[in-house]
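Letters A, B, ... are given to chains in the order of the sequence lines, protein chains preceding strands, and every chain is numbered from 1. Below, all heavy atoms of this structure are taken into account, side chains as well, without hydrogens, waters or symmetry copies.
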There are 2 protein chains.
Amino acid sequence: MQDDVQPVRSGRPRHASIIDVATLAGVSPATVSRSLRGHHNVSPATRQRVLEAAEELSYSASPQASGLASGRTRTIGLVVPFVTRWFFANAVAGAYQVLADAGYDVLLYHLGSAATRDRFFERMPLTRRVDAVVTLALPLDEEHTLALRALDMPLVTLGAQIPGVSSVRIDDAAAVRLAVYHLVHQGHEDIAMISGDQDDLGFGFLSSQDRCEGFRQAMASAGLRAREELMVSGEYGIEGGARAMTALMAGPTLPTAVFAEYDELAIGALRTLRRASIPVPGRVSVVGMDDHEMASVVDLTTVAQPVLEQGGTAARLLLEVLDRGETEVVDVVVPTRLVVRGTTAAPHPN
Amino acid sequence: MQDDVQPVRSGRPRHASIIDVATLAGVSPATVSRSLRGHHNVSPATRQRVLEAAEELSYSASPQASGLASGRTRTIGLVVPFVTRWFFANAVAGAYQVLADAGYDVLLYHLGSAATRDRFFERMPLTRRVDAVVTLALPLDEEHTLALRALDMPLVTLGAQIPGVSSVRIDDAAAVRLAVYHLVHQGHEDIAMISGDQDDLGFGFLSSQDRCEGFRQAMASAGLRAREELMVSGEYGIEGGARAMTALMAGPTLPTAVFAEYDELAIGALRTLRRASIPVPGRVSVVGMDDHEMASVVDLTTVAQPVLEQGGTAARLLLEVLDRGETEVVDVVVPTRLVVRGTTAAPHPN
DNA sequence: ACGCCGACTGCAAACGGTTGCAGGTGGGCG
DNA sequence: CGCCCACCTGCAACCGTTTGCAGTCGGCGT
């Protein structure tokens, strides 16, 4: 009865296995493996035959099996807070390009919501799935740091620093100084700062803290006081900046300039100002940070940083560890640059 | 000499294996496997013991091994042209959330450059790595379509259609109509269209074709003629829109309205217009599409589509196939909505 | 009291490669 | 002309789970 073996799932292509290739090429599976992975100890003639057989069967090794046997996955984990943000999307794109070119696959971990983030750190899905990890501007929370180190695999951070871990970043304090000095040189004294909400998703980004601190220092070294009532925050994104600006406008005195930790916040602030018909830069100057793609559109003065490039650099750092066994931890600091556009001017003599 | 086995890589945690758990719990590996995966044929007491042992050793199964044995990867491939674009980033975020909640990992394939894309289709790295794929607004090129189908695994497209494949999308023609009729009702007759460059990366996006066609139809059904010299294109992104607008301005007659296939193009066009001091909407009205986050900032009239939601829907479609064996191919069309802002008005009586 | 049955559990064979080790072969050198 | 040694290649033991099949055991129907 049931020897009537009907090929129910006949559609399944049933990929060729290494044995098929070996048989076709008339060699052993071991030789196929060595040939295909470019090992040196295979004669050219044999290799050629294997290559042809593999081609013929359009064979490609099962990543699972080879991973299991070799202990490596040829996959790298990218941990991102919000892919939808310009900065992160570009960093991902930059890293991806380099990794893909090097033949690695990229597993994306998006911590966009608190629930997702918690599950991430709880289950640490990276455990045996990847060979290395790059984390983008992730929080330093003690527990999280430990969880990451516990993975005990190559790790690079972008836009953040963890002791003993390689990183790629800008000098946040210096970048902020660029922005603040620009305003100061124009004669501003009442300068407000809009920062990303520290409690945004339940964690604050590292650079956020650095930038706030940098702001205070820059103000101080310019002989000005960073008034705490002029330091407000909003959740990450345009809306956050808009709300923060609203808060600022509700205060007793409107500052003559606003520095925003990210362009998206600055842009939100601009929207609020425009809707309130407050002239920019006539009454309030605005300067942001990152040089978001949209900055040129709203003519925003900002501090530019090379995001795509940082992503690429982070990836390359990882590859060096992976492929060349490089072991030194490095801290790459890339330069920033003030881009003066139309949202800043001398304060109104008012 | 070398029996002096120095534990060079002593740091390696050497994850607990299923055998360790089995030993500790006093059962066989098979029972551990069954217990952990919630199979029904394990007695509660045994299961409990296994769970504790696993917890104790903080065991988690090797994805590689279980993938190899079970034939599935618990991973889904996301194929994206440009993560850095608002639309794609949001679609990814939407899909990610759903997939992560369902316990799937996400492998990202970013086709950002021509080289990467070619390599992708040539090597089809998805082959044994994922259980299913969602492609975002990818081209229909005959060869590529075949390559995707050849994978012979569940597939869902977002913002595109392939015969016989489930999809999530908007009705592009209808959406365009919304925009065009809005302009027409305001009295515009000379309406230009800026579209994404078909030869952008060597391929045109599907929706691009649909939207151009939709534009022609909408114009026709409004009794107007879509003048080919008023249909220009630019590469994807703000700069493309800016250049396209420049081209338009160089033409013999400046149209009274411009419809852009994407908000990013529209925003680029706005920048050009503003820099040229051409009043918007006084002299030229502009309407875009997508309701990009920045649209509210530049006060752009546009046609909104729910991107995050579409990503989620696409993911859910996939899960239904994967988890419930659903086999019907569906085509989910989500609604769009005209958002009138400040870049459109009746044409200047000039 | 005995056979039958269902509920659990263990055995062992895959899954598809990688790699240390050993064997075979031909060439170069003494 | 024989020996030693590279250089190739094959053998077989893993890598860590999943799963079909078979065996065990207690309880229940008759």
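- A:V27 comes within 4.0 angstrom of sugar-phosphate atoms only, judged by non-hydrogen atoms across all strands, and of no base.
- Put simply, A:S28 has a side-chain N or O that comes within less than 4.0 Å of OP1 or OP2 on D:dG10.
- Using a 4.0 Å heavy-atom distance criterion, B:A61 is classed as a sugar-phosphate-only contact.
- An OP1 or OP2 oxygen of D:dC15 is reached within less than 4.0 angstrom by no side-chain nitrogen or oxygen of B:S62.
- In this entry the distance linking CD1 of B:I19 with C1' of D:dC14 reads 11 Å, nearest Å.
- Using the six-membered ring where Trp is involved, B:F88 and B:F82 have ring planes that are tilted, between 30° and 60° apart.
- Taking only side-chain atoms of A:I18, from C-beta outward, the nucleotide of C:dG17, D:dC21, D:dT17 with the closest atom is C:dG17.
- Nearest to the side-chain atoms of B:A69 among the listed nucleotides C:dG16, D:dT18, D:dT9 stands D:dT18.
- Distance, A:N41 CG to D:dC5 C1': 16 Å, rounded to whole Å.
- Regarding A:L57, its CG atom lies at a distance of 11 Å from the P atom of C:dG17, rounded to whole Å.
- Atom P of nucleotide D:dT17 and atom CG of B:L36 are separated by 10 Å, given to the nearest angstrom.
- Between B:R34 atom CZ and D:dT18 atom C1' there is a gap of 9 Å when expressed in whole angstrom units.
- Between the CZ atom of B:R47 and the P atom of C:dA7 there is a distance of 15 Å, rounded to whole Å.
- The shortest distance between the side-chain N/O atoms of A:S43 and the OP1/OP2 oxygens of D:dT9 is below 4.0 Å.
- No hydrogens or angles considered: a donor-acceptor pair under 3.5 Å links the side chains of A:Y104 and A:D323.
- At a threshold of 4.0 angstrom between heavy atoms, the contacts of B:V42 are confined to the sugar-phosphate backbone, with no base atom among them.
- Side chain of B:T75 to backbone of B:T73: a donor-acceptor contact under 3.5 angstrom is found.
- Evaluation of atom-type donor-acceptor distances gives no pair under 3.5 Å for the side chain of A:R128 against the base of D:dG16.
- The aromatic rings of B:F120 and B:Y109 lie tilted to each other, with the angle between the two planes from 30° to 60°.
- Taking atom CG of B:D20 as the reference point, atom C1' of D:dG16 lies 11 Å away to the nearest angstrom.
- Among the nucleotides D:dC8, D:dT17, C:dT19, the one closest to any side-chain atom of A:T46 is D:dC8.
- Between A:Q64 atom CD and D:dC14 atom P the separation is 23 Å, expressed in whole Å.
- Atom CZ of A:R72 sits in a sparse spot, with 12 or fewer heavy atoms from other residues, nucleotides or ligands closer than 6.0 Å.
- In terms of polar N and O atoms assigned as donor or acceptor, the side chain of A:R37 never comes within less than 3.5 Å of the base of C:dG17 in a complementary pairing.
- Contact between the side-chain N/O atoms of B:R72 and the OP1/OP2 oxygens of C:dC15 is not found at any separation under 4.0 Å.
- Two residues, B:L68 and B:T31, neighbour DNA chain D, and the one matched to the more 5' nucleotide by heavy-atom proximity is B:L68.
- Of the candidate nucleotides D:dC11, C:dT18, D:dT18, C:dT18 has the atom nearest to the side chain of A:S66.
- Ion pairing between a basic and an acidic side chain is recognised when a charged N comes within 4.0 Å of a carboxylate O; A:D131 and A:R74 show no such pairing.
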